Amino acid sequence: MKFLERLENLDRRILFLLVGLAVIIPLIFPLGLPVDITRPVKSVFDRVEELPEGAIVVVSCDYDPGSEAELTPATAAFVEHCFRRNLRVYMMGLWPAGPELGNLSLESIAPRYGKEYGVDYINIGYRPGGPVMLVSLGRNVADLVRADYAGVPIDSFPLGRALKSARDIDLVMTLSAGDPGVLHWIIYFSARYGTPIATATTAIMAPQQYPYLSSGQLVGLLGGLKGAAEYETLIEMKARAVAGMDSQSIVHLLLVVFIVIGNVILLYQKRRI
Amino acid sequence: MLLILLVLTNQVELKAFDTPNDDGSSITLNWQADTLFNSYFIFKSLNPDGDFEKVCEITDRTTYVDTNVAGGQEYYYQIEAYGMDLTESSRVVGPVKAIPHIFNTARINIAVFIVILFFAVIYYITRARRGEKLFIRKIPGIAAIEEAIGRATEMGKPVLYVPGIMDIDEPETIASMSILGRVAEKTAEYGTPLYVPTSKAMVMSMAQQVVKEAAIRAGRPDWFNIDNVRYLTDDQFGYVSAVDGIMVREKPATNFYLGKFYAESLILAETGFSTGAIQIAGTALPDQLPFFVAACDYTLIGEELYAASAYLSQEPVQLGSLKGQDIGKLIFIIVIVLGVLDRLVGLDILYNLFSTVQQ
Amino acid sequence: MKQTIPLIIVFGFGFFVIIAFFIPLSAFQDASQTFETWYTGVIAFFVFIGIFNIVKVNASKIQRRLSDWQYSIILLIFLALMMAAGFIGGPNGGVFNYLFEHMQIPLGATMFSLLAFFVASAAFRAFRARTPEATLLLIAAVIVMIGRVPIGYYIWRGFPDVVEWMMNVPNTAAKRGILFGADLGLISMALRVLLGIERSYMGGGRE
Amino acid sequence: MSTEIGVWIAALLTLAIYSFLYKDNPFYKVAENIFVGVSAGYWAVVLWFNYAWPNLFEPLIMRGNFIYLIPIIVGLMMFAPLIPKVSWLIRIPLTFTMGVAMALVILQRIQGEIFPQLQATFLPLIGVSPMQTISNLLIIFGVISTLIYFYFSKAHKGVLGVFAKLGIWFMMVAFGASFGYTVMARISLLIGRVYFLLHNWLQLI
């Protein structure tokens with residue numbers, strides 16, 4: 001049983017190497033496993049389906065490049081769905097870099113649906129001030145938003161004029177990677193104005209949202225890259241998120257194997273004592 | 001016949017009233033009307049039969065808050081509803097005036113709650129101050145803090161104290177600063193070096209004060225080295241990369257991670273583990289607890305973090321507040337049980353009591 | 001005075017903001033709002049003492065030729081470069097954005113992604129059935145880990161539902177319990193701070 | 001392979017950080033110090049333009065609102081420790097911030113967290129499916145026993161001990177589940193970086 005002892009003191013760099021390979025190989029040679037749909041994702045999808053044409057959806061990009069890997073695919077899939085349903089997208093962000101990242105998705109998707117800036121979608125950019133800002137935004141948008149992200153007066157756009165306060169918002173989608181983010185939207189916005197909030201979060205934050213899902217404070221949830229992959233599947237447009245799912249599966253299996261080995265070692269040690 | 005019925009049912013019922021719980025700057029209008037209507041003109045006047053001025057047009061809802069009102073002035077309102085080819089006016093309602101309110105009655109539930117909790121804590125603090133002995137059970141993670149400092153001293157290695165990555169407006173950071181005071185006092189006594197890298201300048205300023213005063217209290221003002229309490233960068237991962245560097249280069253024997261953490265928790269804890277340090281973590285929110293629990297030797301969970309500074313101080317007054325918290329928990333449990341029973345019998349009294357959405 | 005004035009400030013501003021929350025009169029609302037603005041401003045303004053500290057610590061490291069002092073030069077150069085780019089060219093300036101996009105973003109994302117490796121090493125070490133508690137941790141982790149990925153669905157179609165149930169029921173329950181406890185601890189601590197009973201945060205001694 | 005300098009810089013920095021997994025080395029040290037320098041500068045600029053300027057200086061300088069001198073002077077007290085005689089003045093901005101922050105935190109946690117979460121725990125036990133009844137009972141039990149675990153002023157013995165133990169079990173299941181749930185996120189990040197290296201830099205996929 002020398003082998004097990006060696007495994008026990010396994011240099012963790014070997015683990016690291018295996019994890020690295022398990023990610024790289026399936027990316028180059030994809031397997032194409034199917035994706036199942038969970039209820040919180042379906043709820044977001046259904047809510048968007050139920051909205052009447054022309055409804056205003058606030059898409060708040062509350063993330064930064066650190067979580068871009070997880071949230072950009074979700075942003076893209078959600079915006080795609082909104083445009084397909086002819087909803088109006090009002091983009092903003094509680095994090096400085098968020099709206100810039102979100103804009104990349106808007107700009108690449110809008111032309112495909114013939115959407116016009118200022119009419120069908122708008123980006124008002126980064127909105128600093130967290131909680132305080134959210135409260136005043138819900139009260140009166142005009143107090144706070146005078147120009148879009150490029151500095152063009154907001155009144156010069158039909159969509160800019162259409163949104164006056166929280167009452168005009170049919171749904172808020174926050175793509176959230178931390179604070180300020182989904183919690184602030186719930187506490188400072190929804191709790192005050194009753195606006196429905198949907199969210200896509202990093203997978204790390206997802207479990208934390210379940211209490212809010214079950215209390216109805218959240219409409220639905222896209223958790224991590226998996227959530228984005230599910231949404232991509234629901235809108236029948238498989239892209240980057242679905243591609244990453246194979247690597248996910250392999251690494252997860254690898255981890256389970258590690259854990260099993262760890263426990264075999266434990267059993268062996270126990271028996272020896 | 002049908003037409004008459006339509007006309008009869010198409011009445012528009014308007015209600016105008018002073019907006020509750022505001023500062024006297026608005027009047028709220030609500031109306032009920034048949035779904036055949038899709039747009040409403042709102043008119044307002046200073047006297048019931050004077051000239052009504054159009055205020056605005058509403059299309060998508062049946063409520064409006066008029067904020068363009070002078071305090072104390074009486075107003076009259078009327079609404080015209082438009083449908084496909086129907087028009088209907090409501091009767092004139094009024095007079096209404098906007099009155100400033102001095103207490104937000106919608107928040108009375110919160111006020112009562114705060115008063116009860118404050119009272120519970122203050123009550124036990126007072127009892128403790130009178131010299132009453134209050135029993136507080138041993139909390140393993142907290143007991144481990146002193147041992148861990150002792151271990152670093154024996155090994156002749158420094159102690160690393162990471163106060164989280166958030167600013168002093170986060171309660172976890174404040175709790176961490178309080179614990180830092182106790183940790184610094186101990187390390188100063190032993191003469192063990194203490195590194196406190198921070199991610200926020202304000203936390204650095206506060207930590208410098210805390211450590212300096214602790215050194216003075218321990219009678220070792222010379223031990224305090226201001227450069228050991230330093231600011232690195234506000235950036236989450238920039239900060240982590242530098243703290244990781246400190247860990248592998250200075251090889252501290254004990255790492256404390258107490259405060260508010262996000263994804264960096266596991267990067268810190270795993271790097272710390274690889275250097276063989278004893279690790280004690282503590283954070284209040286559940287998100288990062290699993291990683292600290294998995295990778296650290298001891299973890300202060302949730303409330304234990306806040307209890308730690310009171311516990312470490314061993315001051316009766318502070319311990320008294322822990323007893324007050326326990327009363328708070330008891331209240332929570334009772335409220336939950338009552339709330340469930342309340343729904344079981346279908347009363348929903350408690351359910352509504354804990355509502356916070358405002359109109 | 002060194003203790004009293006700060007304690008009066010903490011008490012005064014703290015209770016004012018709490019009371020103003022319940023009084024809709026505009027005088028209270030406006031004052032409360034103003035303090036909130038000031039406070040965000042003051043917090044942000046403090047970053048300059050941080051920058052001052054970085055320069056001081058690293059300059060003295062270079063001067064005293066402490067180990068790895070050469071790297072401090074790199075740090076100071078990039079700090080100066082970034083600040084110059086930002087304050088001269090503005091936060092939307094070209095150089096500023098270029099450095100942000102091609103240095104800070106990839107560095108941050110890569111540092112973050114180290115977690116993929118650390119999650120593996122932590123799982124290998126920690127998820128062993130040593131005690132009943134550790135066993136629960138291990139079982140829950142493995143079920144969710146498999147149930148969350150497509151391959152889990154392949155193995156057994158019920159997996160995602162089990163995962164959802166675990167997230168919805170035991171997970172929600174425990175986290176809610178932790179939240180309630182933590183919030184009580186927080187309120188009690190905040191009260192101790194506001195009343196000046198807890199003052200170790202400002203280096204203050206005992207009562 | 002990419003011909004863009006920016007992509008090359010990013011790729012090399014990425015590899016330098018990964019080299020830390022093997023062990024600490026000069027490449028990592030260079031990347032680390034660049035990172036700290038660049039990001040500290042970045043945040044100084046962002047915090048100034050987004051918070052300090054609009055909240056303190058713009059009202060004073062552009063609108064002549066002299067009351068804003070107060071917070072600015074309070075803020076400047078951050079430099080007080082440099083002058084030993086008045087070093088205690090640093091406590092003024094610190095305590096001001098804390099006073100406001102603590103009050104806001106108390107209010108928002110009660111309004112936004114405690115109340116809605118309590119409300120959500122008042123779960124229906126009848127009129128739902130039997131499975132849901134069991135789940136709801138478990139949630140209620142779980143919340144209560146977790147709260148009991150945090151009871152400080154009684155030893156965990158007898159009934160209290162049983163509940164506290166149950167509380168620990170609930171927490172362990174929650175922690176395990178959360179850990180398992182987040183593994184995905186972590187892998188996603190690595191996928192993101194590997195995608196960058198393979199796609200944007202090497203252009204293999």
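Everything numeric here is computed off the predicted structure, so don't read it as measured data. Atoms considered below: every heavy atom in the structure, side chains included; atoms not considered: hydrogens, waters and symmetry mates.
Of the two parts of C:Y39, the backbone and the side chain both hold a non-hydrogen atom closer than 4.5 Å to a non-hydrogen atom of chain D. Using a 4.5 Å cut-off between heavy atoms, D:W48 contacts chain C through its side chain alone, with no backbone atom that close. Interface residue D:A101: backbone and side-chain heavy atoms are both found under 4.5 Å from chain C. When heavy atoms are compared at a cutoff of 4.5 Å, D:L118 approaches chain C by way of both its backbone and its side chain. For C:M103, the parts lying under 4.5 angstrom from a heavy atom of chain D are both the backbone and the side chain. Using a 4.5 Å cut-off between heavy atoms, D:L56 contacts chain C through its side chain alone, with no backbone atom that close. For a residue to count as touching a neighbouring chain, one of its non-hydrogen atoms must lie under 4.5 Å from one of that chain's; by this rule C:I54 touches chain D with the side chain only. Contacts between C:F100 and chain D at a heavy-atom distance below 4.5 Å involve the side chain alone, from C-beta outward. For a residue to count as touching a neighbouring chain, one of its non-hydrogen atoms must lie under 4.5 Å from one of that chain's; by this rule D:Y28 touches chain C with the side chain only. Heavy atoms of D:I139 lying under 4.5 Å from chain C belong to its backbone as well as its side chain. Looking at D:Y181, the atoms closer than 4.5 Å to chain C (heavy atoms on both sides) sit in the backbone and in the side chain alike. For D:A16, no part lies under 4.5 angstrom from a heavy atom of chain C. Only the side chain of D:L107 comes within contact range of chain C, judged by heavy atoms closer than 4.5 Å.
The cationic atom of C:R128 (NZ for Lys, CZ for Arg) lies less than 6.0 Å from the six-membered ring centre of C:F124 and within 45° of the ring axis.
When the candidates D:A52, D:G41, D:A177 are compared by the number of heavy-atom contacts under 4.5 Å with chain C, D:A177 comes out ahead. Note on D:I9, D:V173, D:I187, D:I140: by heavy-atom pairs under 4.5 Å with chain C, the leading option is D:V173. The greatest number of non-hydrogen atom pairs below 4.5 Å with chain C, out of D:F49, D:F170, D:F150, is found for D:F49. When each of C:N58, C:L191, C:V193, C:L179 is checked for heavy-atom pairs under 4.5 Å with chain D, C:L179 comes out on top. With chain C as the partner, the residue from D:R109, D:K29, D:M98 showing the most heavy-atom pairs under 4.5 Å is D:K29. Your options are D:V100, D:T182, D:I106, and the one with the most heavy-atom pairs under 4.5 Å with chain C is D:V100. Here D:A103 is the residue among D:G142, D:S178, D:A103 with the most heavy-atom pairs under 4.5 Å with chain C.
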Exercise. How far apart are the C-alpha atoms of C:W165 and D:S135, what are their side-chain angles, what is the distance that settles it, and do they pass the side-chain hydrogen bond (donor to acceptor under 3.5 Å, both in side chains) test?
Worked result: CA-CA 8 Å; C:W165 185 84; D:S135 296; 2.9 Å; yes
Could you give the side-chain donor-acceptor pairs of residues 63-89 of chain D under 3.5 Å, partners two or more places apart or in another chain?
residue, atom, partner, partner atom, Å
D:R63, NH2, D:E58, OE1, 3.0
D:S87, OG, D:P84, O, 3.3

Acceptor/donor pairs from residues 188-197 of chain D side chains to any protein atom, 3.5 angstrom cut, sequence neighbours excluded:
residue, atom, partner, partner atom, Å
D:S188, OG, A:Q248, NE2, 2.8
D:S188, OG, D:M184, O, 2.7
D:R193, NE, C:T110, OG1, 3.2
D:R193, NH2, D:T14, OG1, 3.0

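Note: C:F48 and C:F87 have tilted aromatic rings, judged against thresholds of 30 and 60 degrees for the angle between ring planes. Ring planes of D:F96 and C:W38: tilted class, angle from 30 to 60°.
A salt bridge links C:E133 to D:K165: one of the charged nitrogens lies within less than 4.0 Å of a carboxylate oxygen.
Checked against the 6.0 Å centroid criterion, the rings of D:F163 and D:Y149 do not qualify as a close aromatic pair.
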